[in-house]
Amino acid sequence: MGNHSLIKQINKLLILKTILDKGVISRAKISRLVDLNKATVSNLTDELIKEGYVIEKGYGKSKGGRRPVLLQVNNDVGSIIGIDLGVDYIHIILSNFIGEIIFEEYVNLKIKEDNEKFLNIFFDLIQKAIDKAPETPKGILGIGIGVPGIVEKESGVVLVAPNLKWSNVPLKDIVKQRFNLPVYIDNEANAGALGEKWFGEWGKVTDLIYLSVGIGLGAGIIIDNKLFRGAAGFAGEVGHTTINFQDDVCSCGNIGCLENFASERALLSVIKKLVKEGAEDRYISCENIDEITPSQIIQAAKDGSRVCRMAVLEVAEKMGIGVANLVNIFNPEIVIIGNKASFFGDLFIEKLREVVNQRSFIAQFYNLKIEVSKLKDRAVVLGCIAMVISDMLSFPEYA
């Protein structure tokens, strides 16, 4: 794409995003907000109207001249499918063009599910979403997929997803050939950061880190309103930073990775270690240790289990060390704790904040926010909706 064409597409998406954020807005106000001249805004909004993404919605109040024509995103120009492809779950939504959910399903899976069975469930869910899609002018605009691993974004190849045991999986081509729809794929933490930026409460924040905590651990990093990818596009693998030189081997093959100590998997490991050392109470014992789930541990901690509280606090402390390192490196305005950890409760988040404030050298010099995602476990799927919109308009990075 030539430089002029690239700038045009960037400005076009910026205008569309501004209309989406404001709900209803005039061309003149868009011009002031995005710092583009009125002629450019007028030409690009006319293109968006012609393409069906924006509609004119009545008139605003006059300030002495003609009443301004108000613009609004066309909610029903087309549908979008967003998929959070987890290690032990698949979360899928079908939404309209502004992220309002039409259909949603969440399926729990066994860890290390047989790949053929995994893909069959995956395909069945996509087909179900397609079948639920209403008739719209542009039909289904695309499928966005967030994957817990290293993704070559342009080709849509999952180079490695350690917790899924995937290597060099051409997922984009597989899904595209199966359903004959545009497919966009990215790392799930990147998608989560994008979901928070577009659909969360942090649209005005220019520098944020989204921490996706599930079986593994990843970070989506937004700097100066753009997703930070690094030289090869693989930035954010915070779960595979080393914090212990003597630990067991991680799923990625390295020793002492952070996600061994700060993830759902780590929570289960800590509980088993505590019980093995003789710590028991009426909530947790040798009899139920092999069947207990992370969500049950969290609930038991909330209900008063001493053992489960100890486990939650230990994982929060280790995660706090990882977050403190990120804060020292990137100096974000806010760190958003998302995915499964958004359900971990006050005990967890308060301990994490305490550790970050103690261990981050720079946190003492500014008002760092550490918040639980308001989107909960929908940040990634909504980020996949934003991914489709962004990539569909040929925007090379996310705003």
Side-chain angles (χ1 to χ4, degrees), residues 86-89 111 148 162-163 188-189 192 209-219 237-252 254-281 283-284 288-327 335-360 370-373 376-377:
V87 178
D88 57 348
Y89 66 90
I111 296 176
N163 291 319
E188 51 90 26
I209 293 174
Y210 172 81
L211 206 64
S212 177
V213 186
I215 295 297
L217 178 67
E237 288 295 332
V238 63
H240 299 294
T241 54
T242 303
I243 68 166
N244 187 318
F245 298 128
Q246 309 298 326
D247 185 45
D248 296 333
V249 177
C250 177
S251 62
C252 72
N254 287 330
I255 301 291
C257 288
L258 178 62
E259 72 176 42
N260 282 357
F261 302 88
S263 63
E264 278 195 322
R265 187 176 65 219
L267 191 61
L268 290 169
S269 296
V270 172
I271 281 287
K272 289 178 180 178
K273 180 193 74 173
L274 290 171
V275 171
K276 185 177 180 181
E277 293 171 352
E280 293 188 13
D281 58 30
Y283 298 91
I284 191 80
N288 67 356
I289 188 62
D290 290 327
E291 286 78 37
I292 198 163
T293 65
S295 60
Q296 288 170 332
I297 295 170
I298 297 299
Q299 188 58 51
K302 293 175 182 177
D303 292 343
S305 168
R306 182 181 62 86
V307 178
C308 292
R309 283 176 65 88
M310 288 167 61
V312 168
L313 289 171
E314 183 171 332
V315 170
E317 181 175 9
K318 299 300 191 298
M319 194 175 296
I321 293 170
V323 172
N325 289 337
L326 287 171
V327 170
V335 177
I336 303 167
I337 309 299
N339 202 339
K340 299 290 186 65
S342 59
F343 300 100
F344 279 13
D346 293 341
L347 178 70
F348 173 84
I349 194 68
E350 287 169 9
K351 181 63 175 179
L352 189 146
R353 285 174 179 148
E354 177 189 320
V355 173
V356 173
N357 287 329
Q358 288 173 347
R359 290 183 173 267
S360 172
I370 300 176
E371 301 288 345
V372 174
S373 171
K376 298 293 185 181
D377 55 355

Original post:
Taking atom CZ of Arg353 as the centre, does the number of heavy atoms from other residues, nucleotides or ligands within less than 6.0 Å exceed 12?
Top reply: yes
**OP:** Go through the steps to decide whether Tyr89 and Ile215 satisfy the test side-chain contact (heavy atoms from CB on, under 4.5 Å), and finish with yes or no.
**Re:** CA-CA 10 Å; Tyr89 66 90; Ile215 295 297; over 6 Å; no
Subject >> Minimum-distance pair of heavy atoms, taken over all atoms of Ala324 and Ser360 >> reply: CB-N, 3.9 Å
**OP:** Output the distance between atom CD (Gln299) and atom CZ (Phe343), rounded to the nearest 0.5 Å.
**Re:** 12.5 Å
Original post:
Would you call Lys340 and Asp88 a salt bridge, using N to O less than 4.0 angstrom?
Top reply: yes
**OP:** Evaluate the side-chain contact (heavy atoms from CB on, under 4.5 Å) criterion for residues Asn260 and Arg265: first the C-alpha distance (whole Å), next the side-chain angles of each, then the deciding distance (0.1 Å), finally the verdict.
**Re:** CA-CA 7 Å; Asn260 282 357; Arg265 187 176 65 219; 3.2 Å; yes
Original post:
Between CG of Leu217 and CG of Asn163, what distance do you get to the nearest 0.5 Å?
Top reply: 10.5 Å
**OP:** State, to 0.1 Å, how close Ser373 and Gly338 come at their nearest heavy-atom pair, and which atoms those are.
**Re:** CB-CA, 4.0 Å
Original post:
Is the side chain of Asp281 donor-acceptor paired with the backbone N or O of Val307 at a distance under 3.5 Å, no angle test?
Top reply: yes
Subject >> Atom of Ala311, atom of Leu274 and distance for their closest heavy-atom approach >> reply: N-CD1, 4.0 Å
Original post:
Atom CD1 in Ile243, atom NZ in Lys318: separation rounded to 0.5 Å?
Top reply: 7.0 Å
Original post:
Which residue, Arg309, Lys273, Lys351, forms the side-chain hydrogen bond (donor to acceptor under 3.5 Å, both in side chains) with Glu314?
Top reply: Lys273
Subject >> CG on Leu326 to OG1 on Thr241, rounded to 0.5 Å >> reply: 7.5 Å
Subject >> Shortest non-hydrogen separation from Ser212 to Glu188 and the atoms involved >> reply: OG-OE1, 2.7 Å
Original post:
Looking only at atom types and distance, does a side-chain atom of Lys376 sit under 3.5 Å from a main-chain N or O of Ser342, one as donor and one as acceptor?
Top reply: yes
**OP:** Under the side-chain contact (heavy atoms from CB on, under 4.5 Å) rule, what do Phe348 and Lys302 come out as? Steps first, then yes or no, please.
**Re:** CA-CA 10 Å; Phe348 173 84; Lys302 293 175 182 177; over 6 Å; no
**OP:** Indicate the atoms forming the closest heavy-atom contact of Cys308 with Ala301, along with that distance.
**Re:** CB-N, 3.7 Å
Subject >> Verdict with supporting geometry, Ile292 and Ile284, side-chain contact (heavy atoms from CB on, under 4.5 Å) >> reply: CA-CA 8 Å; Ile292 198 163; Ile284 191 80; 3.2 Å; yes
**OP:** Indicate the atoms forming the closest heavy-atom contact of Val213 with Ala262, along with that distance.
**Re:** CG1-O, 4.5 Å
Original post:
When rounded to the nearest 0.5 angstrom, what is the spacing between CG in Leu347 and CG in Leu352?
Top reply: 11.0 Å
Subject >> Rounded distance [0.5 Å steps], CG in Leu313 versus CD in Glu350 >> reply: 10.0 Å
Original post:
Out of Val323, Asn325, Leu258, Ile209, which residue meets the side-chain contact (heavy atoms from CB on, under 4.5 Å) rule with Val238?
Top reply: Leu258
